Amino acid sequence: MPTLKLASWNINSVRARLPIVGQLIEAEAPDIICLQETKVRDSQFPHADFEEAGYVHRYLHGQPMHHGVAILSKVPLQEERRYDWQDNGEARHIGVRLPNGVLLENVYIPAGGDVPDREENPKFGQKLDFYERMIRWSEALDVPTIMMGDFNIAPLECDVWSHKQLLGVVSHTPLECETMERLRASNDWVDIGREFVAAPERLYTWWSYRAKDWRKSDRGRRLDHVWVSPELKSQVKAHRVLEDARSWDRPSDHIPLITELEL
DNA sequence: ATGGTCGGTTCCCGA
């Protein structure tokens, strides 16, 4: 039974983050890396850097400027599909099949703008609609699946620095949290983050760039997640977040998540 | 106290 080490990281531009992606590879040597917000068209992806690091299998879904996801792997995978859950062509998903048939879905769910109101802010409605399309996909899933990425919702009270102060802030509104829970329930998904760091223990994956001292103010949110189908739950052997990465040179505002599975 | 900072097709926009 080989152990597979997976990393998930919203890196907010793969080109700007190349040095610290290298730092992650040196520190953790993951077998497979799921990146979100690569912000690069596929033809300009920094292939050589990942080739040199041993990630000779790459599966990209990028676009100019915004969004973009990538799966980088030391082991050969089979590209399965790129879902357009956004329904407007934005590059927010890529899925692959692992050698044993398990599906790996890498997703970047939209942030949803600033105002939590469909009428006033179309981006908020697009985010909810994205979740609804995922729910329809998830309900029909009949293959063991690992899903990871930036879900852009912090569902539990303990997933944000202040539940009360964030109730009206996009990423933690009751409507978003309920919608996310409907997605979770639709395939009985297991929230691996909370399997390893049980609520109500503090667990964040994102801190705003705008804080003077992110660690001191610690106004974090758990926006990034790893979910697995229930039949895979017992095969997940380890999971942790690399909080120190928020202090690496020219950091992302998100930190990497590391998950080890026996497959 | 209602700001603040990133990245990119960069003097705006999305996050």
Side-chain angles (χ1 to χ4, degrees), chain A residues 8-24 34-46 49 60-70 84-93 106-118 120-131 148-155 159-173 176 180 204-225 242-257:
Chain A
S8 177
W9 198 6
N10 178 323
I11 32 78
N12 183 19
S13 167
V14 67
R15 288 173 290 182
R17 236 50 82 189
L18 273 174
I20 61 168
V21 172
Q23 206 171 330
L24 170 71
C34 292
L35 297 177
Q36 303 90 37
E37 267 205 275
T38 50
K39 288 186 170 178
V40 65
R41 67 187 81 209
D42 293 349
S43 62
Q44 289 175 11
F45 193 87
D49 300 82
L60 310 180
H61 186 189
Q63 65 177 85
M65 283 264 285
H66 297 302
H67 325 307
V69 289
D84 185 7
W85 288 315
Q86 177 79 348
D87 199 30
N88 66 2
E90 291 180 7
R92 294 180 174 277
H93 168 270
N106 178 19
V107 64
Y108 174 44
I109 298 178
D114 286 332
V115 182
D117 183 289
R118 263 184 188 277
E120 210 176 317
N121 165 28
K123 288 180 191 303
F124 189 70
Q126 287 167 13
K127 178 182 195 175
L128 296 172
D129 293 343
F130 193 107
Y131 267 93
M148 54 177 60
D150 180 358
F151 290 44
N152 262 315
I153 293 177
D159 288 333
V160 294
W161 63 276
S162 168
H163 170 63
K164 273 189 181 174
Q165 287 180 252
L166 289 176
L167 271 171
V169 174
V170 173
S171 75
H172 191 63
T173 62
E176 288 170 279
M180 188 186 207
Y204 306 144
T205 67
W206 175 90
W207 294 260
S208 170
Y209 280 126
R210 294 172 188 172
K212 258 182 288 184
D213 183 337
W214 73 274
R215 209 190 281 276
K216 191 179 171 196
S217 55
D218 198 26
R219 294 186 166 189
R221 304 179 204 172
R222 187 168 73 106
L223 301 179
D224 303 271
H225 302 272
L242 303 184
E243 198 166 311
D244 284 349
R246 187 62 182 77
S247 286
W248 289 352
D249 192 37
R250 288 189 77 200
S252 170
D253 44 356
H254 296 253
I255 58 171
L257 282 62

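Letters A, B, ... are given to chains in the order of the sequence lines, protein chains preceding strands, and every chain is numbered from 1. Only a predicted model underlies this, so the values are computations on that prediction, with no experimental measurement involved.
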Measuring only the [atom1] atom in each nucleotide, how far is [N] from [M]? A whole number of Å is fine.
{"N": "B:dC6", "M": "B:dC11", "atom1": "C1'", "result": "16 Å"}
{"N": "B:dT5", "M": "B:dT10", "atom1": "C1'", "result": "15 Å"}
{"N": "B:dA15", "M": "B:dG4", "atom1": "C1'", "result": "14 Å"}

Given atom [atom1] of [X] and atom [atom2] of [N], what is their separation to the nearest angstrom?
{"X": "A:Arg246", "N": "B:dT5", "atom1": "CZ", "atom2": "P", "value": "12 Å"}
{"X": "A:Lys216", "N": "B:dG4", "atom1": "NZ", "atom2": "P", "value": "18 Å"}
{"X": "A:Arg219", "N": "B:dG3", "atom1": "CZ", "atom2": "P", "value": "14 Å"}

Legend entry - Residues in ring-ring contact (aromatic ring centres under 6.0 Å, His included) contact with A:Tyr131, at least two apart in sequence or another chain: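 Listed in chain order: nothing, the list is empty.
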Could you work out, with side chain to side chain contact (heavy atoms under 4.5 Å, CB included) as the rule, every residue matching [X], not counting sequence neighbours?
{"X": "A:Asp49", "answer": "A:Leu18, A:Pro46"}
{"X": "A:Ala91", "answer": "A:His61, A:Gln63"}
{"X": "A:Ser43", "answer": "A:Arg41"}

All N/O contacts under 3.5 Å from nucleotides 13-15 of chain B to the protein, with atom names and distances to one decimal?
from: B:dA15; atom 1: OP1; to: A:Arg92; atom 2: NH2; distance (Å): 3.4
from: B:dA15; atom 1: N6; to: A:Arg210; atom 2: NH2; distance (Å): 2.5
from: B:dA15; atom 1: N1; to: A:Arg210; atom 2: NH2; distance (Å): 3.2

Inset, instruction - Check whether any side-chain N or O of A:Arg17 sits under 4.0 Å from OP1 or OP2 of B:dC6, and answer yes or no. - result: no
Inset, instruction - Identify whether the distance between the nearest side-chain nitrogen and carboxylate oxygen of A:Asp218 and A:Arg246 falls below 4.0 Å. - result: no
Inset, instruction - Name all residues meeting the side-chain hydrogen bond (donor to acceptor under 3.5 Å, both in side chains) criterion together with A:Gln44; count only those two or more places apart in sequence or in a different chain, and write none if there are none. - result: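 For A:Gln44, the residues satisfying side-chain hydrogen bond (donor to acceptor under 3.5 Å, both in side chains) (neighbours in sequence not counted) are A:Arg15.
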